[in-house]
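This report refers to the structure that appears directly beneath it.
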Amino acid sequence: TITENKGEKAQNRTYQDLLKNITDENNFEQLSRSKLIKVSLKGKISKWLDEKMYRSISFSPDGMYVAAGIDDDTMHIYYSSNLTSVHGAISVDVGSGDYVNDVEFSPDSGLVAVSIGRSGNSGTNGQVFLIDVSNGQKVGNGMNPNSEGRFYDAAFSPDGELIALASNDDFYIVNVSSRATVYSITS
C-alpha cells in the first residue's frame, strides 16, 4: 500500500524487510527519488540536478563544488557555478549490497570523504574513501577501523589532519595521512 499524507500529520508503522519483490523495489525507488531544484532569492525556480536517489549532498567550504552521494554506488562532484560534472560518476563500490551514506568535503576543499555502508548483514564491510577533488581518484585504500559493517558519517577536523568516522554504535578518530586510528569509542 502506498499512502501520501498531503502535508497533514499521519502515523505510519515501520517494518523490516518490506521489499519482497521487484514491484516493491520499483515502488520504493519511485517514491524515494529526488528532484533537486534551485530557488533564487527572487523566487525563480530552475532545475538543479537530474532526478536520482540522492543519499547525501554537500557544498565545499570554498563554495566551488557540490558533492553528491547517489544510491547506485557512485558519487559525483559538480562545479557549483553551473552544476556540470567535474569527473563524471566516480565508483565507490565496495561489493554487493552497499550504498553511499554521506559525502563531506575537507576544510581545504581538496578531498571528499565518502562513507559507505552495506545493506543487511551480508556482503562486504563498509569503508570510508577519500576522493581527490582535482582528479576524482581514490586516495589510498578505504578506511575501516575494527572491520565495521557500515559507516554513516564522516567529519574532518578543522585543520583537515584528522577525520571522525561514525559506524553503528562506534566512532573513530583517524589520522588522514597515516590512516592510523588515534582514538576510538566502541560499544
Side-chain angles (χ1 to χ4, degrees), residues 16 32 34 36 49 52-81 83-187:
Q16 292 182 345
S32 60
S34 300
L36 298 181
L49 293 175
K52 295 185 183 199
M53 290 178 64
Y54 294 97
R55 303 221 14 126
S56 179
I57 194 159
S58 178
F59 271 95
S60 63
D62 65 8
M64 293 183 58
Y65 304 102
V66 175
I70 314 294
D71 197 34
D72 64 358
D73 297 336
T74 66
M75 64 89 55
H76 296 254
I77 301 171
Y78 301 96
Y79 293 106
S80 62
S81 60
L83 291 174
T84 58
S85 181
V86 178
H87 307 292
I90 299 168
S91 175
V92 289
D93 186 20
V94 295
S96 65
D98 58 328
Y99 46 85
V100 175
N101 279 324
D102 183 55
V103 291
E104 294 293 333
F105 281 93
S106 62
D108 67 358
S109 302
L111 297 172
V112 178
V114 184
S115 302
I116 310 291
R118 66 171 188 232
S119 61
N121 291 321
S122 61
T124 56
N125 285 336
Q127 297 280 325
V128 176
F129 290 117
L130 297 179
I131 305 296
D132 185 324
V133 173
S134 69
N135 61 22
Q137 299 295 310
K138 293 176 187 169
V139 178
N141 295 323
M143 294 176 277
N144 186 341
N146 206 28
S147 298
E148 294 289 341
R150 297 171 183 87
F151 286 94
Y152 296 103
D153 198 9
F156 285 93
S157 62
D159 62 8
E161 292 183 16
L162 302 174
I163 187 168
L165 311 177
S167 66
N168 285 332
D169 295 322
D170 310 325
F171 80 88
Y172 306 89
I173 306 295
V174 176
N175 182 291
V176 172
S177 297
S178 71
R179 305 296 173 98
T181 301
V182 179
Y183 303 104
S184 65
I185 296 178
T186 60
S187 57

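Residue Ser106 comes nearest to Pro61 through the heavy atom pair O-CG, 3.4 Å, listed as atom of the first residue, atom of the second, then distance. Across all non-hydrogen atoms, the minimal contact from Gly69 to Val100 is CA-CG1, 3.6 Å. Scanning both residues, Asn175 and Val182, for their nearest heavy atoms gives N-CG2, 3.9 Å. Asp62 and Ser60 get closest at one heavy-atom pair: OD1-OG, 2.6 Å. Contact between Ala113 and Val128 at its shortest, heavy atoms only, is CB-CG1, 4.2 Å. In plain terms, the two heavy atoms of Asp170 and Asn146 that are nearest each other are OD2-ND2, 4.4 Å.
Between Ile90 and Val112, the closest side-chain pair of non-hydrogen atoms is not below 4.5 Å. Residues Met143 and Ile163 are in side-chain contact: their nearest non-hydrogen atoms beyond the backbone lie under 4.5 Å apart. For the pair Glu161/Val176, no side-chain contact is recorded, criterion being any heavy-atom separation below 4.5 Å from C-beta on. Residues Tyr65 and Tyr79 form a side-chain contact, since some pair of their non-hydrogen atoms from C-beta on lies under 4.5 Å apart. Two residues are said to be in side-chain contact when any heavy atoms from C-beta on lie closer than 4.5 Å; Phe151 and Asn144 meet this criterion.
The backbone N or O of Val86 lies less than 3.5 Å from no partner atom in the side chain of His76, so there is not a single donor-acceptor pair. Side-chain atoms of Ser167 never come within 3.5 Å of backbone atoms of Glu148 as a donor-acceptor pair (strictly under, hydrogens ignored). Ser80 places a side-chain N or O within 3.5 Å of a backbone atom of Gly63 that can act as its donor or acceptor partner. Checked by atom type and distance alone, the side chain of Arg179 pairs as donor or acceptor with a backbone atom of Asn141 at under 3.5 Å.
Rounded to the nearest 0.5 Å, atoms CG (Leu165) and OH (Tyr172) are 9.0 Å apart.
With 3.5 Å as the limit, one finds a donor-acceptor pair spanning the side chains of Asp132 and Ser134.
Annotation: Asn135, atom CG; neighbour count of heavy atoms from other residues, nucleotides and ligands within 6.0 Å is above 12.
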For this session: Could you go through the side-chain contact (heavy atoms from CB on, under 4.5 Å) check for Phe156 and Asp108 one step at a time?
Result: CA-CA 10 Å; Phe156 285 93; Asp108 67 358; over 6 Å; no

